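Right, one structure below, let's go through it.
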Amino acid sequence: VLGIGPCRFSVQNASNWEAEIARLEQDVALDEQWYLPYDPVRERKLMIAFPNGTSDLNGVRRIVEHFKDRVKYWEPRNEPDQTTGGAQFATNEMRSFYETVKSVSPDLKVMGPGTVSVTQGLQNWLRDFFNAGGGNYIDVFSFHAYNAVEGDLFLARYTFESLKQLLAQYGQQDKEIWQTEQGYFAPVYGSYEPRRQARWTMLQTMLFEQYGIPKEQNYYWYERSHGFWDFPTFLANEDGSLNPGAVLMRVWSEEVYGTRFSRRFDFGETGNRLYIGNLFEGPGKKVAAFMSAGSTDGKITLLLPGATSVTVVSALGEERTVSVTGGRLELDVPEIPVYVRLTPAQSIEVEPVDWGPNLARLPGVQVRSSGTGVHPVDPSIPNSILKLVNGVMETSRWPLPDSGRPWMDNTDGFPAWVELTFPSERTIDRVVIYSFPFWQWEGTLLDYELQYERNGEWVTIERVTEPTKTFRVASFHPNAACTVDGFFSERWIFQHSFAPVTTRRIRVLVHDCTWGGGATRDVVDAGGQTGPRKVALREIEVYNSLWQPGSHRISGVVRTASGNPVPGVRIALRGWATEAMAVTDASGAFEFTNLQA
């Protein structure tokens, strides 16, 4: 009914195949009535898995034979990487399962290997599987997505770009891809935090479409509680109420109904770190979906030639008509999706974000902090503060060569600070601070000042305070058994735009931050996924958005107040990527050429 995607029907005991067929008949019949017929463009398919194994191949064959005309996709044992090696699974189980299913009908699709994830730690297992010929025994590559996205666009890109390369290495790149078990927390054990579930689910849904995994091939395993309280990530509660993640998926399903993914939007090198966007097209319908990677106040410029208005729909389904002026529309893009409905004849592009070079990455930039540099959780973790200006978005789930986990400060108490010093004065008007999608150890900022140095004193450009919206109350969901209700925004990307200032130093002066993945100490006490109350940052970017690309020329004449030319004056050019010196000639003239802004 929510339209969120397929069900993974499960055979519990293939040896008891008659009872299994009777039970599965009810599930299959429901999906045939309520799921399969309703989208004329997005193909919907049914699948059955054997999560407890396929050792009884006679029972497997009996079940496949019964459903062969109604269920096309078949998956073997659940998460084999937890119990055996990749090569062993390929030769001892995957091959015989494949041959059994194909003996019933060669048109049926065999899925696998269904590993617990596709993150860095599973790469070697998957290589062993493919090296042993496992790719010959699957028509569809299936996987589970634990620890693969977690509300983090950068983790997700690392994960799925690496997966693309791995599949291509073994000639598997053209096969269908299915995600067949995964979910996100609303009750984070003792803390009810439904906003996290909603945001993480929607970011994953947006991203999966870009990697060939539409919602019809993405199974949210925990759509309702089925007693597995080790991982309470259900969308529908036992009292019949829905968590907001279900509502957002319902709106997504309505907006993309009757369309297929057409392409991803390119926001430019800088903008692609801040936003994600997809275009969907179908007969008589076109819709664009956008969301930020972690800003609650994001803005993009849409290019809509010839359009005078469009319909904008919020993540909760609120519709409004918005005027378009001169073919341009500035659109607010929060941390959950926003949709732009178009007519089939209308075209849409995004204006790339281009603020010029990131001045924080200039040679000679120095970075200091109030802490000693030792990682506050594990002193053995490399914790160089230069991670903040290396252009890399470190992540705890995908440790990167030479950098590892994100940088964390160990300052005892608050305020804590991080300071950047440029090799010479720079004119700046934009700063972007990347904290972390708060989860477990790494948290985000709650209260800080962005400052610049002027005449030896720190001047505050802007102070940011993010309300925690977290309350110590018994949850209104009796089945959740939580003692804290949290509606924190999870804002972790902070964009600053301000009147230009000229300075050699900027500082982030932090007055408060989250307890890792908990907005307050109450979440820690409730048993949420939390960490120390320490500053965690990924990157600080600094820009002069007045920059223009290309080569430039600056010339002029130096004169006295009475108008006489002044020869021999030395002039230093600073604040540009090119720094240069010039001396005025006999007529007082000077010139700088081939300047790079």
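Computed over heavy atoms, backbone and side chain alike; hydrogens, waters and symmetry mates excluded. We number each residue from 1, following the sequence as shown. The shown structure was predicted, so the numbers you read here are calculated from the model rather than taken from an experiment.
Ion pairing of E216 with R42 is present here, as a side-chain N (NZ or NE/NH1/NH2) and a carboxylate O approach within less than 4.0 Å. Under a 4.0 Å N-O distance rule, the pair R273/E541 qualifies as a salt bridge. Under the 4.0 Å criterion applied to side-chain N and carboxylate O atoms, K215 and D39 are not assigned as salt-bridge partners. One finds no salt bridge joining K387 and E394 here, because no Lys/Arg side-chain nitrogen approaches an Asp/Glu carboxylate oxygen to under 4.0 Å. Here E490 does not pair with R195 in a salt bridge; the nearest charged N to carboxylate O distance is not below 4.0 Å. Salt-bridge formation is not detected for the pair K534/D409: no Lys NZ or Arg NE/NH1/NH2 atom is positioned less than 4.0 Å from an Asp or Glu carboxylate oxygen. Using a 4.0 Å cut-off between charged nitrogen and carboxylate oxygen, E442 and R405 count as a salt-bridge pair. Checked for salt-bridge contact, D512 and R533 meet the test: a charged N lies under 4.0 Å from a carboxylate O. In this structure, K469 does not pair ionically with D485, as no charged nitrogen and carboxylate oxygen lie closer than 4.0 Å.
The aromatic rings of F208 and F143 sit perpendicular to each other, their planes meeting at more than 60°, with 30° as the lower class boundary. Using cut-offs of 30° and 60° on the angle between ring planes, the pair F290 and F267 is perpendicular. Ring geometry for Y211 versus F160: interplanar angle of 30 to 60°, hence tilted. Using cut-offs of 30° and 60° on the angle between ring planes, the pair Y434 and F154 is perpendicular.
Between Y184 and Y222, the ring center distance fails the sub-6.0 Å criterion. A ring-centre distance under 6.0 Å is found for W200 and W439. Taking the six-membered ring for Trp, Y38 and Y257 have ring centres at least 6.0 Å apart. In summary, the aromatic rings of H496 and Y448 are positioned with their centroids under 6.0 Å apart. Taking the six-membered ring for Trp and the full ring otherwise, H375 and W441 have centroids separated by under 6.0 Å.
Contact record, I506 with F422: CG2-CE1, 4.3 Å, taken as the closest heavy-atom pair. In terms of heavy atoms, G373 sits closest to N410 at N-OD1, 3.8 Å. Considering every non-hydrogen atom in both S142 and T180, the closest pair reads CB-CG2, 4.1 Å.
Residues R341 and E255 form a side-chain contact, since some pair of their non-hydrogen atoms from C-beta on lies under 4.5 Å apart. In this structure, the side chains of L537 and L445 come closer than 4.5 Å at one or more pairs of heavy atoms. Taking 4.5 Å as the limit, every side-chain heavy atom of E330 sits out of range of all side-chain heavy atoms of L302. Side-chain atoms of F494 and V464, non-hydrogen and from C-beta on, do get closer than 4.5 Å to each other.
Atom CG of N390 is separated from atom CD of E539 by 5.0 Å, given to the nearest 0.5 angstrom. For the atom pair OG1 (T233) and CH2 (W221), the distance works out to 11.0 Å, reported to the nearest 0.5 Å. Here the CZ-CG distance, from F414 to D447, works out to 9.5 Å after rounding to the nearest 0.5 Å. Annotation: the span from R505 atom CZ to Q366 atom CD amounts to 9.5 Å, rounded to 0.5 Å. Annotation: the span from D522 atom CG to T468 atom OG1 amounts to 9.0 Å, rounded to 0.5 Å. Atom-to-atom distance recorded for W355:CH2 and R430:CZ is 4.5 Å, nearest 0.5 angstrom.
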Dump the intermediate steps for side chain to side chain donor-acceptor pair (under 3.5 Å) on Q495 and D297, then the final yes or no.
CA-CA 8 Å; Q495 300 189 54; D297 57 351; 5.0 Å; no

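L329 pairs in a side chain to side chain contact (heavy atoms under 4.5 Å, CB included) with only one of the listed residues (I300, T301, V322), which is V322. With Q204 as reference, Q182 is the one residue of R199, E209, Q182 to meet the side chain to side chain donor-acceptor pair (under 3.5 Å) rule.
If you check the side chains of D429 and S545, you find a donor sitting under 3.5 Å from an acceptor. Between the side chains of E335 and S292, no donor-acceptor pair of N or O atoms lies under 3.5 Å. For the residue pair T311 / E319, no side-chain donor-acceptor distance below 3.5 Å is found, with atom types taken as modelled. With no hydrogens or angles considered, no side-chain donor-acceptor pair links S162 and Q120 at under 3.5 Å. No hydrogens or angles considered: a donor-acceptor pair under 3.5 Å links the side chains of E79 and H144. Using modelled atom types, one finds no donor on one side chain facing an acceptor on the other under 3.5 Å when comparing T421 with R368.
For N147 (side chain) and S117 (main-chain N/O), no donor-acceptor pair under 3.5 Å exists by modelled atom type.
W515 carries R521 over the face of its six-membered ring, with the cationic atom under 6.0 Å from the centre and within 45° of the normal.
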